[in-house]
Amino acid sequence: MVTDSIDSLNTPVVFYIDPFRRIQISRIPVPERKSNSMASSTLISDTEPWKDLKGHVEEIKQTHLRDLMDDSTRCKSMTVEFDGILLDYSRQRIDQDTREKLFRLAEAARLKQKIDNMYSGEHINITENRSVLHVALRAPRDKVICSDGKNVVPDVWKVLDKISEFSERVRSGSWVGATGKALKDVIAVGIGGSFLGPLFVHAALQTDPEAMECARARQLRFLANVDPVDVARSITGLNPETTLVIVVSKTFTTAETMLNARTLREWISTALGPQAVAKHMVAVSTNLTLVEKFGIDPNNAFAFWDWVGGRYSVCSAVGVLPLSLQYGFSVVHKFLKGAASIDDHFHSTPFEKNIPVLLGLLSVWNVSFFGYPARAILPYSQALEKFAPHIQQVSMESNGKGVSIDGVPLPFEAGEIDFGEPGTNGQHSFYQLIHQGRVIPCDFIGVVKSQQPVYLKGEMVSNHDELMSNFFAQPDALAYGKTPEQLLRENVPNHLIPHKTFPGNRPSLSLLLPSLNAYNIGQLLAIYEHRIAVEGFIWGINSFDQWGVELGKSLASQVRKQLHLSRAKGEPVEGFNFSTTTLITKYLEAQSGISSYESTHLPKI
Ligand code: F6P
């Protein structure tokens with residue numbers, strides 16, 4: 001557990017408390033910030049625009065979306081279009097005044113400068129002393145984007161060209177496995193940012209006609225969880241002779257990924273001999289030394305750089321390699337181009353028309369001024385089924401922070417709880433709560449042209465129109481609700497009126513995409529990545545580190561050591577609190593019959 005406080009000189013300090021032994025081990029002053037143009041000694045909540053919005057929200061609370069939606073001038077001013085994407089934010093609880101005030105807040109937070117600093121490669125991730133340049137991953141060849149004075153775009157393209165060439169060799173069958181067979185199946189082993197982004201894009205492309213055609217007779221699977229059940233699921237039905245394993249890990253030290261990688265290495269070498277690893281395993285990492293130590297030929301490693309955050313890495317080899325193996329590089333290149341289009345828009349468009357900036361400011365408004373703690377991501381597209389899980393990591397790992405970028409504890413809550421499901425499935429699951437229970441701002445994401453249109457003769461509408469009827473209806477249902485008067489007019493019995501009354505006034509926004517091809521998927525990804533950065537820039541936090549997760553990584557190691565000592569040497573469980581000692585002891589006792597470490601066990605499936 002980590003707690004923060006301010007000492008008498010107002011210097012932030014950090015207390016580290018060992019969660020198992022409950023003793024304070026050290027009191028470490030936070031290092032003084034080097035001069036950095038991101039530096040802001042003032043918390044955003046101390047600024048006039050923040051205070052002004054605090055007052056303004058009380059006025060807005062007196063309004064109802066029913067009335068706000070009646071003002072067509074207001075609504076017209078709350079739609080923005082860029083590169084085929086339409087954003088309608090008229091169902092947010094704001095008026096034109098609110099928007100102006102939010103722009104003033106952006107000015108106070110020096111949002112424009114922070115965005116520029118990111119694009120110019122400043123070390124805005126100050127706790128790790130790194131640039132944040134995922135925009136360079138999708139930049140065209142001729143663009144210049146520098147980190148530490150060096151243009152990184154040629155390095156990016158060197159890796160992209162290597163992926164293009166390698167994936168073509170594998171796909172065409174000129175790269176074969178140890179027994180001479182073509183490798184038609186791929187398992188990507190990785191977790192967190194080395195998994196969720198590629199999974200989202202893979203799921204989204206799976207039914208795109210062009211991508212489907214390119215993926216014919218090929219399979220891409222993912223192995224993330226260290227649960228051996230996930231190993232079993234990932235290899236079920238696959239033949240090691242025709243399988244390529246990609247170990248994806250920025251650090252090449254993540255415990256789950258490395259154990260899973262060793263397990264699949266064992267799977268391959270048990271079946272084909274240890275020399276087969278060279279043909280059946282490749283890696284994506286920033287740590288090429290550890291890749292080589294693991295036994296993967298460095299020529300078969302695809303690099304990326306420490307200026308790419310894990311959760312922002314889907315456009316690096318992390319996503320581009322597995323996706324190119326499955327769909328071909330040319331499809332994946334379109335995905336990169338879609339993201340690049342939004343990168344330019346985000347960097348150069350005035351805030352009034354800037355989709356990620358508007359979205360970010362609206363989220364700050366909902367979280368910090370209305371106090372809504374969550375956000376629902378509701379794509380009306382089954383192809384986007386893995387979008388919410390990906391955004392959960394991007395958003396919650398980035399903005400779930402308790403201190404400002406200067407290490408000062410925040411007097412307000414940053415970040416939001418993201419969750420979501422594709423509509424219409426979500427409607428039959430948790431929409432009751434969002435219509436009548438808690439207020440949860442919703443993102444409705446719709447698509448004009450289905451990837452797989454169906455129309456049945458005699459039906460009133462096509463299947464996609466049926467889906468989209470819900471996409472159009474739900475935001476209004478949330479905004480308008482249903483009054484007792486309406487229910488009376490509908491002859492609803494008195495005793496049911498309270499149950500069928502919906503207060504409405506629940507904010508949402510609608511994003512309409514022209515279709516869901518690789519290009520649009522790239523656009524959607526970049527919109528959310530930048531929106532989340534905007535929120536962090538306004539809150540004045542570091543959206544690019546993840547110390548909370550690092551903490552979790554170190555905690556399990558003590559238990560791991562204990563499990564080993566107890567199983568291998570029969571040592572008693574000690575050094576933990578009563579509860580943990582009891583749980584571990586129970587676990588060991590209940591498993592005493594299956595503790596043999598004598599031989600290797602692989603899943604029996
Ligand atoms: O989940 C925490 C995290 O640090 C992520 O930021 C990262 O994407 C993930 O672990 C995996 O790390 P690596 O790619 O180094 O294995």
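Everything quoted here is computed from the prediction, not taken from an experiment. Side chains included, hydrogens not; waters and symmetry mates left out as well; all remaining heavy atoms used.
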Review point. When you look at D343 and K337, which way does the salt bridge (charged side-chain N to carboxylate O under 4.0 Å, His left out) test go after all the steps?
Key: CA-CA 10 Å; D343 294 341; K337 282 184 169 168; over 6 Å; no
Closer than 4.0 angstrom, basic N to acidic O: yes or no for [X] and [Y]?
X	Y	value
R110	D116	no
E107	R104	no
K386	E421	no
D476	R91	yes

**Study point:** Inter- and intrachain pairs under salt bridge (charged side-chain N to carboxylate O under 4.0 Å, His left out), touching residues 62-87, at least two apart
**Key:** none
Practice item. Among residues two or more places apart or on two chains, list those pairs meeting salt bridge (charged side-chain N to carboxylate O under 4.0 Å, His left out) that have a residue in residues 497-509. Key: none
Can a donor-acceptor pair be found, under 3.5 Å and without considering hydrogens, that links the side chain of [X] to the backbone of [Y]?
X	Y	value
E416	S395	no
Q92	S508	yes
Q393	L196	no
W305	V152	no
N117	E122	no

Side chains of [X] and [Y] only: does a donor on one sit below 3.5 Å from an acceptor on the other?
X	Y	result
Q486	E490	no
S398	Y312	yes
H134	S313	no
T79	D88	no

Study note, to complete from the structure: The reported gap from CE in M78 to CG in D95 (rounded to nearest 0.5 angstrom) is 6.5 Å
Exercise for review: Show your reasoning for whether side-chain contact (heavy atoms from CB on, under 4.5 Å) applies to W365 and L53.
Suggested key: CA-CA 8 Å; W365 170 244; L53 281 161; 3.7 Å; yes
Exercise for review: Please tell me if the side chains of L488 and N494 come closer than 4.5 Å, counting only heavy atoms from C-beta onward.
Suggested key: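 Heavy-atom side-chain distance check passes, below 4.5 Å.
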Review point. Between F369 and T98, is any pair of side-chain heavy atoms under 4.5 Å apart?
Key: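 Counting from C-beta outward, F369 and T98 never come under 4.5 Å.
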Check your understanding: More than 12 non-hydrogen atoms from neighbouring residues, nucleotides or ligands closer than 6.0 Å to NZ on K449, yes or no?
Key ->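 Check fails, neighbour count at 12 or below.
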Point to revise | Q452 CD: over 12 foreign heavy atoms closer than 6.0 Å | key: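 Result for CD/Q452: enclosed.
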Check your understanding: Going through the distances and angles, do V135 and Y119 end up as a side-chain contact (heavy atoms from CB on, under 4.5 Å)?
Key -> CA-CA 7 Å; V135 293; Y119 278 73; 3.7 Å; yes
Review point. Going by the angle between their ring planes, with limits at 30° and 60°, are Y528 and F387 parallel, tilted or perpendicular?
Key: perpendicular
Review point. Using the ring of each side chain (for Trp, its six-membered ring), is H345 parallel, tilted or perpendicular to F82, with breaks at 30° and 60°?
Key: parallel
**Study point:** side-chain hydrogen bond (donor to acceptor under 3.5 Å, both in side chains) partners of Y431, counting only residues at least two apart
**Key:**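 Y380.
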